[in-house]
Amino acid sequence: MARHGISITAAHHPPAACSAAPRAVAAAVAALLATAPLMAQVDLGTEEQRAAGKVVYDKYCGQCHGDDGDGNGYATLRVKPKPRDFTTGKYKFRTTPNGMLPTDDDLRRAIEVGLPYTSMPGWPNLTSAEIDNVIYYIKSFSPDFENPDRYGEPIDIPPPLESTEESISRGRVVYEEQGCASCHGEVGRGDGPSAPTLVNDKGDPIKIADLTQRWTYRGGPTKEDIYRTFSTGLNGTPMPSYADSLEVEDRQHLVNYVYSLGDGDDPGYGTLITAVHAEEPIDLQNGDALDALFADAPMTRFPLVGQISEPGRNFYPSVTSIEAQAVYNRDEIAFRVRWNDLRADTTGRNGPSMDVPMWDEDNGIGGDAEDGAEDAADSGDFFGDFGGEEAPAAAEDDFFGGGDTGDDFFGGGDDGDDFFGGGDAGSGGAEFSDAVALQFPISLAEAGSPLKPYFLFGDSQNPVDLWFVNLTYGVADTFRGRGSDQVVPTEADIVEAVTSYDQGEWTVTYKRRRSSRAGISFAEQQYTPIAFSVWDGFNRERGNKRALSSWFYVYTEPSVQQAATLPVLRAAFLVLAIELLVVFLVRRRARQRAAGSDTAADAVAAAGAPAV
Amino acid sequence: MDGFNLPLLLALAAVAGALVWRRANTLTWLLFSWGALWAFFKFGFTVPIPQSVATIYLGITTLALVCFASSSRERLEEVTSPIVRLIREPRYRLPLAALLVALPALAAYNVHADMNVPLEAPGFGREVHPAPPTEITVHGETLDMATADNPYIHLHEDDPAAYEEHLENGRRVYYENCFWCHGDGMGGDGMFAHGLNPAPSNFNDGGTLPILQASFVHWRIALGAPGLPAGGTPWDSAMPAWEKFLTTEEMWDVNLFIYDFNGFEPRALGQH
């Protein structure tokens with residue numbers, strides 16, 4: 001086994017026997033123990049192990065991480081974050097100090113458990129030996145793993161402190177002082193002022209972590225994981241290490257604060273919204289009354305994924321879930337949806353039928369010049385600022401427009417904080433606005449039939465209605481969809497909406513009359529299919545390039561709820577009455593028989609009857 | 001014993017054994033039989049039977065047991081005399097009182113639980129492998145499903161190098177298009193799978209690719225969910241119609257690749 005052990009240990013720590021004081025012995029042993037893992041660290045495996053690892057790698061990993069480990073595989077163009085480039089020796093999720101190599105266990109964790117909400121979910125089917133071998137092989141891509149100086153010792157992770165009110169508020173202070181909020185936002189929704197500008201050390205834009213959705217943490221959702229993440233930092237990303245700037249205890253308080261921002265370890269995805277009945281009128285303009293109305297309505301979280309079934313595919317949607325609730329009264333029904341978005345994009349355009357050029361699917365790269373020019377010509381934006389001749393050149397060397405500002409990765413001219421948004425140089429906003437839509441069938445299938453419109457904006461026989469809100473305007477427009485390329489405005493129903501953006505969270509509340517002649521009506525005790533779409537303008541989402549959900553349901557709860565008390569009492573008393581009757585009859589018979597006037601069989605018959 | 005809750009069946013058998021051993025009386029046997037059948041209908045199946053069906057079975061069971069108990073005078077006597085003793089004899093006063101309280105409480109609990117069943121979205125069955133049409137048209141070319149086969153499969157023998165190229169192209173196609181749903185390792189667990197219903201097919205599973213002909217898989221790849229008959233609930237499935245994105249050759253190549261990756265072979269032509 002080729003171990004490049006470090007042989008300095010003995011020189012630093014004289015043999016225990018030389019030391020007289022028992023304390024010194026203990027110290028020496030402790031030091032020896034502490035260095036022991038260091039010796040084992042440079043472990044590159046045997047030739048056979050690496051060869052076996054290559055077989056695993058070539059089958060399961062090369063498609064993304066590149067057959068040469070350089071992060072350039074087939075999938076690379078279409079995923080964000082990009083697959084790790086193993087030749088750099090930079091790893092995000094480590095127990096070792098900033099800038100150091102990960103331990104084998106760190107790598108094992110990334111491979112086994114995976115990195116949730118990235119294109120690399122775990123590899124539970126690989127055997128332990130296969131994982132060992134593929135780790136040896138991965139390490140062979142970077143010479144760093146041969147260099148003992150690049151190894152650091154795993155940090156100590158103390159057990160978490162009890163999550164008291166004081167601890168959390170101290171953590172909050174640390175969070176502010178250390179500037180976490182400038183990136184992660186005031187309440188952790190990933191909406192800090194710097195969030196839209198962040199890039200990794202390869203210049204790729206990087207999506208900041210939403211600290212309120214712990215299930216999306218790639219480094220793991222536990223308090224220990226959080227402690228480790230900000231203590232060691234994420235190499236190659238703007239997420240720094242706070243090992244030097246924070247005392248252990250403050251870090252523990254910070255952990256408690258970050259943890260308290262979360263909505264739980266589990267997203268708790270549901271499949272049903274229960275629309276609750278209210279007597280009050282639904283007044284969209286009266287915010288407090290509206291909040292009070294929705295306060296009692298259960299909230300359900302639904303998963304969103306990229307639309308990748310129809311052209312205009314969205315391989316890396318920004319928004320991965322949406323919460324929804326509903327309230328209705330005699331005449332009207334209101335829906336409220338909420339999702340987190342790192343920035344409110346309220347200056348651009350958007351619409352469910354906007355065209356997305358084919359090349360835009362591939363991370364905006366690789367669109368040939370013609371496509372770009374065509375797009376500029378027919379949509380009048382994107383490359384529009386640069387006139388017809390310049391557009392092709394811009395498309396070739398600068399994938400998001402921009403043109404001549406060489407140091408400005410994503411173009412956008414002088415609009416430095418907008419790394420995706422070409423075209424709107426100087427306007428200070430994105431080219432595309434944020435938007436959301438609810439989708440309903442226009443009528444219900446017969447009872448018991450599973451028939452629904454195609455979930456991707458309907459089909460020619462079974463249209464859908466979209467309640468679309470472009471957050472630039474904040475009003476609802478209705479569209480009728482008969483397929484992804486057949487979405488047209490409709491005036492069938494009047495839908496109203498109000499919108500707000502607060503600390504990284506969009507809230508959109510819709511209202512419509514319950515009954516409709518042209519579209520769906522919401523009768524009591526009805527299950528109505530519903531689906532969602534969300535567009536993040538910052539991520540250049542528009543038209544079919546969106547995050548969407550499958551079909552789910554809204555159930556309109558009966559307005560008159562039968563209270564459980566009465567039926568429960570009735571059942572109990574009925575049973576009690578029967579019991580008492582039986583006891584009474586049996587005892588009477590027995591008394592009569594004792595008086596010698598009856599036969600046993602009669603008593604038996606009386607006792608048996610009520611039991612049937 | 002697939003489909004049954006084995007631990008429950010074993011537990012019931014054990015109780016029955018104990019009753020035989022203790023020579024339980026007829027009443028105990030009746031109560032046990034009723035309870036055992038109730039537990040069996042409710043928890044005995046890995047895929048629960050609908051509540052309404054379970055209620056019907058239980059009704060029939062109850063009727064049968066009553067008939068049995070009253071089938072002769074002696075048996076009726078045997079069944080009822082312990083009850084009569086319980087009610088009459090002073091030494092059973094405490095158990096009797098407990099029973100008088102427990103039964104109404106149980107009934108009340110049952111009614112309460114029934115009224116608080118959590119709401120569930122309606123669920124519908126779906127045919128996973130519906131019968132394909134007899135012929136399909138892909139990129140303007142009509143294929144007879146009974147005779148069509150992967151045009152590159154023969155290269156496996158005839159020209160292994162060319163075969164490898166087709167496989168590699170299939171690998172490219174898969175990792176540029178499919179893994180978001182079907183998974184990095186084809187386990188049906190891609191990063192978007194949790195948001196889709198029906199879930200993307202798991203190609204590691206021996207019940208999927210090996211039982212399908214290459215032409216069936218080609219049909220599914222080329223025409224996707226919109227190509228399914230109503231029984232396959234095409235409106236719910238996210239499976240794209242790859243004809244919109246891929247050439248015919250690319251679709252046959254990815255077809256080769258998903259079989260090869262999992263070490264499966266398509267079901268032979270003419271086999272049904």
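So that the names make sense, note that chain A is the first sequence line, chain B the second, and so on, each numbered from 1. Everything numeric in this text was worked out from a predicted model, so none of it was measured.
Only the backbone of B:L99 comes within contact range of chain A, with at least one heavy atom under 4.5 Å from a heavy atom of that chain. Proximity to chain B is limited to the side chain of A:R313, based on heavy atoms less than 4.5 angstrom apart. In this structure, chain B has heavy atoms under 4.5 Å from both the backbone and the side chain of A:P311. Heavy-atom distances place both the backbone and the side chain of B:E168 under 4.5 Å from chain A.
Among B:T233, B:L196, B:D236, the residue with the largest count of heavy-atom pairs under 4.5 Å with chain A is B:D236. Here A:G306 is the residue among A:P453, A:S549, A:G306, A:P124 with the most heavy-atom pairs under 4.5 Å with chain B. Ranked by heavy-atom pairs under 4.5 Å with chain A, the first of B:N197, B:V101, B:L103 is B:L103.
Residues of residues 120-127 of chain B lying under 4.5 angstrom from chain A, judged on non-hydrogen atoms, are B:E120, B:A121, B:P122, B:F124 in numerical order. Near-neighbour residues of residues 175-184 of chain B relative to chain A, defined by a heavy atom under 4.5 Å from a heavy atom of that chain, comprise B:Y175, B:E176, B:N177, B:F179, B:W180, B:C181, B:D184. Taking non-hydrogen atoms and a 4.5 Å limit, the residue list of residues 237-247 of chain B in contact with chain A, ordered by number, reads B:S237, B:A238, B:P240, B:W242, B:K244, B:F245.
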Exercise for review: Would you sort out whether A:Y60 and B:F261 count as a ring-ring contact (aromatic ring centres under 6.0 Å, His included), showing the intermediate values?
Suggested key: CA-CA 10 Å; A:Y60 295 110; B:F261 186 91; 5.5 Å; yes
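Minimum interatomic distance between A:S550 and B:G195 (heavy atoms only, all atoms of both residues): OG-O, 2.7 Å.
Side-chain contact check for B:P226 versus A:Y454: some heavy-atom pair is nearer than 4.5 Å. A 4.5 Å side-chain heavy-atom check between B:M191 and A:F315 finds every atom pair outside the cut-off.
Using a 4.0 Å cut-off between charged nitrogen and carboxylate oxygen, B:R171 and A:D67 count as a salt-bridge pair.
Looking at residues two or more places apart in sequence or on another chain, you find no ring pair (Phe, Tyr, Trp, His ring centres under 6.0 Å) involving B:W235.
Note: B:H194 and A:Y269 have parallel aromatic rings, judged against thresholds of 30 and 60 degrees for the angle between ring planes.
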